[in-house]
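Throughout, protein chains are lettered first and strands after them, A, B, ... in sequence-line order, and every chain is numbered starting at 1. Scope of the values below: all heavy atoms of this structure, side chains included, with no hydrogens, waters or symmetry mates. Since the model is a prediction, treat every value here as computed from it, not as a measurement.
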There are 2 protein chains.
Amino acid sequence: MAFEKVKRSDNYSEWYNNLVKDADLAEHAAVKGCMIIKPYGYAIWEKMQQQLDKMFKETGHSNAYFPLLIPKSFFEKEEKNAAGFAKECAVVTHYRLKVDENRKIIVDPEAKLEEELIIRPTSEAIIWNTYRSWIQSYRDLPILLNQWANVMRWEMRTRLFLRTSEFLWQEGHTAHATSEEALIETKQMLDIYAEFAETFLGVPVVKGVKTPNETFAGAIETYCIEGLMQDGKALQMGTSHFLGQNFAKAFDVKFQTKEGKLEYVWATSWGVSTRLMGALIMAHSDDEGLVLPPNLAPHQIVIVPIYRTDEEKENVETAAKEIKKKLEANNISVKLDNRDTHKPGFKFAEWELKGVPLRIGIGPRDIQNGTVELARRDTKEKSITSIDGIENTAKVLLNDIQTSIFNRAKVFRDNNIREVNTWEEFQKVLEEKAGFISAHWDGTDITEEKIKQLTKATIRCIPINNPQEEGKCILTGNPSKQRVLFAKAY
Amino acid sequence: MAFEKVKRSDNYSEWYNNLVKDADLAEHAAVKGCMIIKPYGYAIWEKMQQQLDKMFKETGHSNAYFPLLIPKSFFEKEEKNAAGFAKECAVVTHYRLKVDENRKIIVDPEAKLEEELIIRPTSEAIIWNTYRSWIQSYRDLPILLNQWANVMRWEMRTRLFLRTSEFLWQEGHTAHATSEEALIETKQMLDIYAEFAETFLGVPVVKGVKTPNETFAGAIETYCIEGLMQDGKALQMGTSHFLGQNFAKAFDVKFQTKEGKLEYVWATSWGVSTRLMGALIMAHSDDEGLVLPPNLAPHQIVIVPIYRTDEEKENVETAAKEIKKKLEANNISVKLDNRDTHKPGFKFAEWELKGVPLRIGIGPRDIQNGTVELARRDTKEKSITSIDGIENTAKVLLNDIQTSIFNRAKVFRDNNIREVNTWEEFQKVLEEKAGFISAHWDGTDITEEKIKQLTKATIRCIPINNPQEEGKCILTGNPSKQRVLFAKAY
């Protein structure tokens, strides 16, 4: 359990790796680049799934499931999409093993596939190939589907949750009769992601559009939400793509309009992944461990009984159970840690490491006084509070923690968006402070690429409702009509 | 939508295929052997998942996630398990594609993996390789994990839901300090599956143990639940394996006991899959379409408004919305089908095809009378009932439908377990009536295999608490101590 005491200020990256491991969230698998999501980490992911799924369904989406494997010939139909993902594709070439004469298991050379199959890096190809037979008329539209699935993008350099070869995600794939409707959908899903990030993860995000260079392979426009981590690096937390008619054309998906004309269908796709776990960890946690927002914490409260004698134990546990019951009746999730094998001090440290928002300590003297000790994980403030009415105290505190976590992250983020007007300043800010830099850019791929090569900073997005402002490109001095947001990013 | 009118009695298999397609449950994917689960089918699967997940958590299990890909060297460690699945394994050999000089996408020959990776057909290997580092002491036990995942077992002959190369399932993998504890777990999970099958799917099941021949590759004992479909064929609906120390030995997973000794860990694994969708469809549906048990129906009630004029429409829809609200306030899921594009008769047929347990028809005259027409899907009985108190009427009816569906299936099942004592009778019953046959067997693999070759009937299980009864083997005449259950099976 012991959280290896590397501080964020010492080595942020090592701090992150240790925390993911020590808080029992995930670990590297024996398969290169893949991860094992441990029960505590998975419980947080499940809470994310439940909430997102609810929001998708409230906006008219249904879940479905499409195959893991994509024939290579489908995959190459949308050229840009294929070229964009080709370098990261795991390829299935055989469908059978056999036991050889030495009783070793070998790949059966006679079971070679005629056509190789790709493990989905994303499912536009297989889904649009299917939509062709589902869509004939405007009456079949819109189609509003989502799937929860695993995908694979082969990575050489991996980091748990942030970049792994296999990851879990949801991918929405919608089909529409008009461009306008598809654009409304694209933006609606971006808004849902932003709302989820801010209200549940407690991470403030910038909504924006990607530059052509950073647009999803196969999309017309990619919308994104960008968060800022405590080390001043940005993290892309979700994307929503307006695909235009690209996939409809690649897969020949046409529909008959009300007027009887035959037109290509308009598309969107949108996704968030287990990467959000990385955002959650990096945005809030501190040198003692995780800090979980109550809206996503598997246990919102942990109760640690404190006693010496058997008699004390019985009394304290009885009282603890009553408190648990009261809290649960108010829809608060509570863990009563009555393990005999560990001392209270150990438990305090463990639940601190695991980020439980509120801790209740209760001992014999507390019972006499009708009180307990409440400790907040986020501020580490402690208070003595009455057992009577504790469910209300807890509710107020949990709400306050959720808000405080968000506000703290928002202050940090807002303090770390800097307007910069010269190339020298740009380099200096990047070096010394990181964060978002709002600066002028001449709008060309070449300049964007050059800045990336020189500084590792990328254009995170062109914020939505960006004020138009004449200026000069930070690198080339060429005219620019608006500032864009740069940052080093995960 | 039109359900192609092949009756069960004409061609059961064609009836099933049509129904899966026409009720919008699933379809074959372009990838050989794989399926696309459509939104309506997936909504039923989600209901199954939610309920099972609840039952797993109530018995102390947590969810986690392990990688999709298994290195071949791990896979071969448990020899029997490897041999059992080797012939069905999809193999990843390359991790990159590239665009060649003709702008075609090809597999990059330079991106060949040093060691091939297997797409998991089941996850014992990868999980027990992981448990080695998770388990040191008896304090680390038990481990009670489950994962919801996709798996792949290459199939040449596939049928939607019943047998597909990729399918969705849950797989529980637990680790215990003693053999007794692992056996209790194995049986507990079997009981949970049986309870789920009977209470939610409405399918009565026989609980039993598989013969050595049919035991899971790598298990000591395989427990199963077996259901009977309307065509008299059996369907294995879930299995729970007592793995002994086989995987602990293969992956060297030892723990220190309380007494300080080093011992191998005991294991179980258990799973149910999207195959349960096949059971649900085949056990209850009729020539008009699906018959869904209310406990798993995405919509428990559909309301179809009936009107001619715009004024009628407004009144009827207002009343329908009020009824919907009342029902939903009582936790009944309701679909109001107010599509303008289709006539009531069409809607009636569509929801019958889709198996919605209760249909409410409401027209202008109904409103005057303060009544609606209620139609049960299972018995097709119709009744006029008062709008006042409809939530109670509906609840009673839904409960009654759930019970009736189960009872009907149980009567059918019970009537189709036949005791048979001669080989001639055995063949005749199989030919003419199918169903389960309770008969004596001499306990040898050879006889079991011979019966299978001669009749296609297999031993489905040795029922739990099977009465001991001296007798003679149906085929060989050799002595037998108990009857076992034979059937032709999916």
Side-chain angles (χ1 to χ4, degrees), chain A residues 27 29-31 34-43 45-46 62-72 74-76 79 82-83 85-99 103-105 107-108 111 116-119 126 129-130 139 145 149-150 152 154 166 168 341, chain B residues 27 29-31 34-43 45-46 62-72 74-76 79 82-83 85-99 103-105 107-108 111 116-119 126 129-130 139 145 149-150 152 154 166 168 341:
Chain A
E27 64 183 48
V31 189
C34 292
M35 68 176 158
I36 291 161
I37 307 179
K38 299 180 79 171
Y40 193 64
Y42 201 84
W45 174 241
E46 276 181 313
S62 304
N63 289 327
Y65 188 76
F66 293 85
L68 173 72
L69 301 178
I70 304 176
K72 189 163 70 66
F74 289 12
F75 184 69
E76 59 194 340
E79 260 188 50
F85 286 102
K87 286 186 186 160
E88 312 171 350
C89 283
V91 189
V92 176
T93 54
H94 292 74
Y95 58 85
R96 196 164 63 214
L97 299 169
K98 68 172 191 179
V99 183
R103 295 184 73 191
K104 290 294 279 181
I105 301 255
V107 177
D108 186 344
E116 296 93 347
L117 299 169
I118 312 301
I119 298 184
I126 194 88
N129 183 67
T130 308
R139 283 189 206 85
L145 292 192
N150 53 343
M152 190 138 235
W154 207 267
E166 184 191 12
L168 304 183
T341 40
Chain B
E27 65 183 46
V31 189
C34 293
M35 68 177 156
I36 291 160
I37 307 179
K38 298 179 81 171
Y40 194 64
Y42 201 86
W45 175 242
E46 276 182 312
S62 304
N63 289 327
Y65 188 77
F66 293 85
L68 172 73
L69 300 178
I70 305 176
K72 189 163 70 67
F74 289 12
F75 183 70
E76 60 193 341
E79 260 186 51
F85 287 101
K87 285 185 188 160
E88 310 171 352
C89 284
V91 189
V92 175
T93 55
H94 292 74
Y95 57 85
R96 198 165 61 216
L97 300 170
K98 68 172 191 180
V99 183
R103 295 184 72 189
K104 290 293 280 181
I105 300 257
V107 177
D108 186 345
E116 295 92 348
L117 299 169
I118 313 300
I119 298 183
I126 194 88
N129 183 67
T130 308
R139 283 189 206 89
L145 292 191
N150 52 343
M152 189 138 236
W154 208 267
E166 184 190 14
L168 303 184
T341 40

For [X], is it the side chain, the backbone, both or neither that has a heavy atom under 4.5 Å from a heavy atom of chain B?
X        : value
A:Phe85  : neither
A:Leu68  : both
A:Glu88  : backbone
A:Leu117 : side chain
A:Met152 : side chain
A:Lys72  : side chain
A:Phe74  : side chain

Winner by heavy-atom pair count (cut-off under 4.5 Å) against chain B, out of [options]:
options                                : value
A:Tyr40, A:Tyr65, A:Phe75, A:Trp45     : A:Tyr65
A:Ile70, A:Val31, A:Val99              : A:Val31
A:Leu168, A:Asn129, A:Thr130, A:Asp108 : A:Leu168
A:Ala111, A:Ala90, A:Gly41             : A:Ala90

Find the one option among [options] whose heavy-atom pairs under 4.5 Å with chain A are most numerous.
options                               : value
B:Lys98, B:Lys38, B:Glu76, B:Met35    : B:Glu76
B:Ala30, B:Ala149, B:Cys34, B:Pro39   : B:Pro39
B:Ile36, B:Val107, B:Thr341, B:Ile126 : B:Ile36

Quiz prompt | Residues that B:Glu46 engages under side chain to side chain donor-acceptor pair (under 3.5 Å), provided they are two or more places apart | solution =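 Counting only residues at least two positions away or on another chain, B:Glu46 forms a side chain to side chain donor-acceptor pair (under 3.5 Å) with A:Lys57, A:Asn63.
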Practice problem: With sequence neighbours excluded, tell me which residues meet side chain to side chain donor-acceptor pair (under 3.5 Å) with A:Thr93. | Solution: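 A:Thr93: side chain to side chain donor-acceptor pair (under 3.5 Å) contacts with B:Thr93.
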Self-check item: Spatial distance of atom OH (A:Tyr95) from atom NZ (B:Lys87) [nearest 0.5 Å]
Solution: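 It is 12.5 Å, given to the nearest 0.5 Å.
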Quiz item: Just by distance, do the side chain of A:Glu116 and the backbone of A:Val91 share a donor-acceptor pair under 3.5 Å?
Solution: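 Side chain of A:Glu116 to backbone of A:Val91: no pair is present.
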Exercise. Check whether B:Ile105 gets within reach of chain A through its side chain, its backbone, both or neither, counting any heavy atom under 4.5 Å.
Key: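 Both the backbone and the side chain of B:Ile105 come within 4.5 Å of chain A.
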Quiz item: Hey, does B:Cys89 have a side-chain heavy atom less than 4.5 Å from the side chain of B:Ile119?
Solution: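 They are not in side-chain contact.
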